[in-house]
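Here the structure comes first, spelled out in structure tokens, and everything after it is commentary.
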Amino acid sequence: MADGKHHDSADIADAYLLELAAAHGVGTSYRGWDGAEYPVKAGTLHSVLTALGIPSQGAGEVQRSLHEARLAPWRRILPPVLVVREGRSAEVNVHVPHGRRVAVRIIAEDGTSHEAAQRENWDEPVDVDGVLTGRATFGIPDHLPLGWHTLQADTDGGMAECQLVVTPQRLRTADALAERREWGLTAQLYSVRSRRSWGIGDLADLADLAAVSAHDGAGFILINPLHAAEPRPPIEDSPYLPTSRRFFNPLYLRVEDIPEYAGLDGEARAGIIGDAQEQQTANLSADLLDRNSSYAAKLAALEHLFTVPRNADRNREFTAFRTGQGQGLEDFALWSALAERLEPSAPEWTTEAASPGTAYCAELRTRLADRIEFHSWLQWLCDQQLESAQHSARQSGMPVGVIHDLAVGVKLGGADAWTLASVLARGVTVGAPPDMFNQQGQNWTQPPWHPVKLAESGYAAYRDMLRTVLRHAGGVRVDHILGLFRLWWIPEGAGPAHGTYVYYDHEALIGILALEAQRAGAVVIGEDLGVFEPWVRDYLAERGIFGTSILWFEHDANGPIPPERYRQQCLTSANTHDLPPTAGYLAGEHVTLRESLGLLGRPVAEERAAAIAEQEAVLALVRERGLLPEPVAAGESATESAAPDTRAMVEALYAFSTLTPSSLLGVALVDAVGETRTQNQPGTSTEYPNWCIPLAGPGGTVLVDELPENPGYRSLVRTMQTALRPQA
């Protein structure tokens, strides 16, 4: 690891800087994937503190900032926000001039009022800017219902208030899964096409895929993030680098399913049919996907449909949708309208259009009202087709249905970075330190939440994002859920290895996640792979949040763990989108690809030997359970029974996953149809065509229409059916 243990004296942080960093949740050292402890350079600490708005240049600034950190709670009457668990006693400290009267009450969501009782408190008053300030402690009633309430402090000097959020002690939506385990498909929706797709998989394809797999006994379908991209081509290929995590990508709309399609005149409809047919030729090609061509054609069709008058009911529904989504939708639509006119590098983004609240933007809200309505309308259509997809999944018999994926962050210069700038940190991006598979670290080029400013906003942006994602979902997978505990911040201009962890209020972030999921009736799966602190998984399990297990990564000091030791509250699979499909993984494609891209941190021969040893250790466990024959000994002739082909090995691995107690078992659609190409290679952008691989198998492209007869799919489905429902 670069710069691991040797630092020049100028890079060593002094005790006061370390104290200041710790006071603001900035890690001063971290444990790497190799188990070693690495100190964080002073320069990194200065940069991260600057991003947090904390002066730290020079001993004087550090001392003053330490003093401010100690006084900060005393300067506020109430904390920025209070997040508690249901049924648990909690306290809140109220700061007022010494001797002044104060009373505290809670106004619940339903309008009822609850008094908070003052408790004994022996804290000495503190001089705050020349005012002797006291601290009064009040108990929060433990019978408050779940929800978003208001905490009020009434003092002689006036009223102060903050948000009080009561969250579930434990998310209960997945309790039924303890009794009946479910398998489901994991799929990259854009890659899964039908004969009617416009070259890219869409929400109608999602509904059909859910119905097909539900017929075969699947209980859920987990898809990639459907977050919004740019409002016009060219658009970002990566679903994990969106412009907004709250809103959706109209690329996934099925144009012909929009009710206004029936109202088109003959000429307009003929033109759209012609465009659709031109795009549909790509559905039969296993070549790289072309989002830009598909999106351009869809946008042209959608512009026509937008001019078709809506009936009264549809107008009422659209108006209600805009009202319900509030200012967040209006600001997103304004950004979309501006982004149609302004290039990403246009100077207006840093001057008159620097934020939604400028006078320039206020004027454009009027001038661009039609475009704002258009982009709001697109989000309404996405909402309706997402609802239809989830309805199809549930009506087909899926107990969970569609599980959405929540990306870690958003693109710099995108809608969320613009509309939510007040709660994001600047001068840093999010990534990951070096690990076994990404030995140079990763920079995801995304701005992180500012932990203090997010809390001061009452977590409103976080809550609103969760509500939209969960609105028509049976569940959500939170990519890198460890980021709700700590995120790897990389100073601008530094390499991924030269960052540090910044810690968040995980009790608040996980609690709000559980609250919104409980209200939506959705399960939550945390992608908890990679480097993490040992207690994190136990904490998530305690809160009812599922984890993620991939067969290749489940091991302890003695090697791969037996299936009985896997977690019950878990989504377990043989594959993840950051690895090649299992057939490719068994062939060592992950080593070959990373070596060709210069991503290895050791000689390729060592890397390949380690990969083979890792695979063999897991396959040995599979053989022990009788799911694969023993390997052919030297000098013996191979027979069909003694030399399983790759297909048999893939199915044996999935059969092995069914021996675990995990409640959710993921079956990668690429494994079912025999794909070998890597969908995404972490640590790359343009070096590899990430997120552009269509669903295909040995015989070429595979369409949703053909899936029920696909021999690989049928065989793997039988494996899961036989293991989980032997009497069915």
Side-chain angles (χ1 to χ4, degrees), residues 168 170-189 192 201-227 239 245-246 248-249 252 382-407 465-479 481 510 512-527 540 543-548 568-573 577 662-669 704 720 724-725:
R170 182 178 182 279
L171 180 61
R172 299 181 290 276
T173 50
D175 287 354
L177 294 172
E179 305 298 325
R180 177 184 168 91
R181 296 192 296 157
E182 300 290 346
W183 71 271
L185 293 179
T186 64
Q188 300 295 312
L189 178 59
V192 183
D202 59 34
L203 293 171
D205 294 324
L206 173 59
D208 291 343
L209 183 60
V212 167
S213 57
H215 177 76
D216 293 318
F220 66 91
I221 179 167
L222 169 61
I223 56 173
N224 58 278
L226 304 184
H227 304 317
R245 292 191 291 173
R246 177 175 174 183
F248 294 98
N249 193 342
Y252 293 107
C382 288
D383 182 77
Q384 292 189 315
Q385 293 196 7
L386 285 164
E387 183 179 23
S388 294
Q390 174 65 356
H391 179 75
S392 174
R394 296 301 298 270
Q395 286 293 106
S396 299
M398 283 187 169
V400 178
V402 179
I403 300 178
H404 287 253
D405 201 347
L406 180 66
M465 174 191 70
L466 291 174
R467 285 182 178 175
T468 305
V469 172
L470 291 166
R471 186 172 157 90
H472 302 302
V476 63
R477 171 191 178 272
V478 181
D479 192 41
I481 198 169
I510 296 294
I512 292 169
L513 172 61
L515 171 61
E516 295 304 321
Q518 186 72 47
R519 290 185 154 185
V523 300
V524 177
I525 301 162
E527 187 269 293
L540 290 171
R543 302 303 301 268
I545 309 292
F546 275 38
T548 302
Q568 178 262 315
Q569 290 186 113
C570 193
L571 168 66
T572 291
S573 181
H577 59 247
S662 300
S663 290
L664 297 176
L665 301 174
V667 176
L669 187 54
V704 175
M720 304 306 291
L724 291 183
R725 312 278 188 263

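Start at 1 with the first residue, then count along the sequence. The figures here come from the full heavy-atom set of this structure, side chains too, leaving out hydrogens, waters and symmetry mates.
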### Message
Checking the side chain of T548 only, and the main-chain atoms of L571 only, is there a donor and an acceptor separated by less than 3.5 Å?
### Response
no

#### Entry: CA sep, side-chain torsions, deciding dist, call: I221, I403, side-chain contact (heavy atoms from CB on, under 4.5 Å)
CA-CA 6 Å; I221 179 167; I403 300 178; over 6 Å; no

### Query
Looking only at heavy atoms, what is the nearest atom pair of G184 and A218, with distance?
CA-CB, 4.1 Å

### Message
When you compare the side chain of R543 with that of R170, does any pair of heavy atoms fall below 4.5 Å?
### Response
no

### Query
What residue pairs, at least two apart or across chains, pass side-chain hydrogen bond (donor to acceptor under 3.5 Å, both in side chains) with a residue in residues 390-406?
Y240-D405, D405-R477

#### Entry: Non-hydrogen side-chain atoms of L665 and L724 separated by less than 4.5 Å
yes

### Query
Among Q568, Q569, R181, which one satisfies side chain to side chain donor-acceptor pair (under 3.5 Å) with S663?
Q568

### Summary
Between the CD1 atom in I545 and the CD1 atom in I525, the distance rounded to the nearest 0.5 Å is 10.0 Å

### Message
Does V667 form a side-chain contact (heavy atoms from CB on, under 4.5 Å) with M720? I'd like the steps, not just the answer.
### Response
CA-CA 9 Å; V667 176; M720 304 306 291; 3.8 Å; yes

### Task
Locate the shortest heavy-atom distance separating A389 from V402; write the atom from each residue and the value.
O-CG2, 4.2 Å

### Query
Is a side-chain N or O of H227 found less than 3.5 angstrom from the main chain of A407, in a donor-acceptor match?
yes

## Note on the structure
F546 and A174 have their tightest heavy-atom pair at CE1-CB, 3.6 Å

### Message
To the nearest 0.5 Å, what is the distance between CG on L664 and CZ on F220?
### Response
5.0 Å

### Message
To the closest 0.5 Å, what do you measure between OH (Y252) and CG (L226)?
### Response
5.5 Å

### Message
D383: which residues meet the side chain to side chain contact (heavy atoms under 4.5 Å, CB included) condition with it, sequence neighbours left out?
### Response
F321, R471, H472

### Query
Looking at residues at least two apart in the chain, or sitting in another chain, which of them share a side chain to side chain donor-acceptor pair (under 3.5 Å) with E527?
none

### Task
Check step by step if side-chain contact (heavy atoms from CB on, under 4.5 Å) holds for V469 and R245.
CA-CA 8 Å; V469 172; R245 292 191 291 173; 5.8 Å; no

### Task
Write down the atom of A393, the atom of A210, and the distance for their closest heavy-atom approach.
CB-CB, 3.8 Å

### Query
Quick one: CG on L406 to CG on L470, what's the gap to the nearest 0.5 Å?
8.5 Å

#### Entry: Contact summary for S573 and G666, nearest pair of heavy atoms
OG-O, 2.9 Å

### Message
With a 3.5 Å distance limit and no angle check, can you tell me whether D205 reaches the backbone of D202 through a side-chain donor-acceptor pair?
### Response
yes

### Message
What I'd like to find out is whether the side chain of T186 reaches to under 4.5 Å of the side chain of L669, using heavy atoms alone.
### Response
no

### Message
So L386 and F248, do their side chains get closer than 4.5 Å, heavy atoms only?
### Response
yes

### Query
Is T173 reaching over with its side chain to a backbone N or O of A522, donor-acceptor style, under 3.5 angstrom?
yes

### Query
What is the distance from atom CD1 of I510 to atom CG of L515, rounded to the nearest 0.5 Å?
13.0 Å

### Closest non-hydrogen atom pair between Q518 and P168, with its separation
CB-CG, 4.1 Å

### Query
Atom CG in L222, atom NE2 in H577: separation rounded to 0.5 Å?
9.5 Å

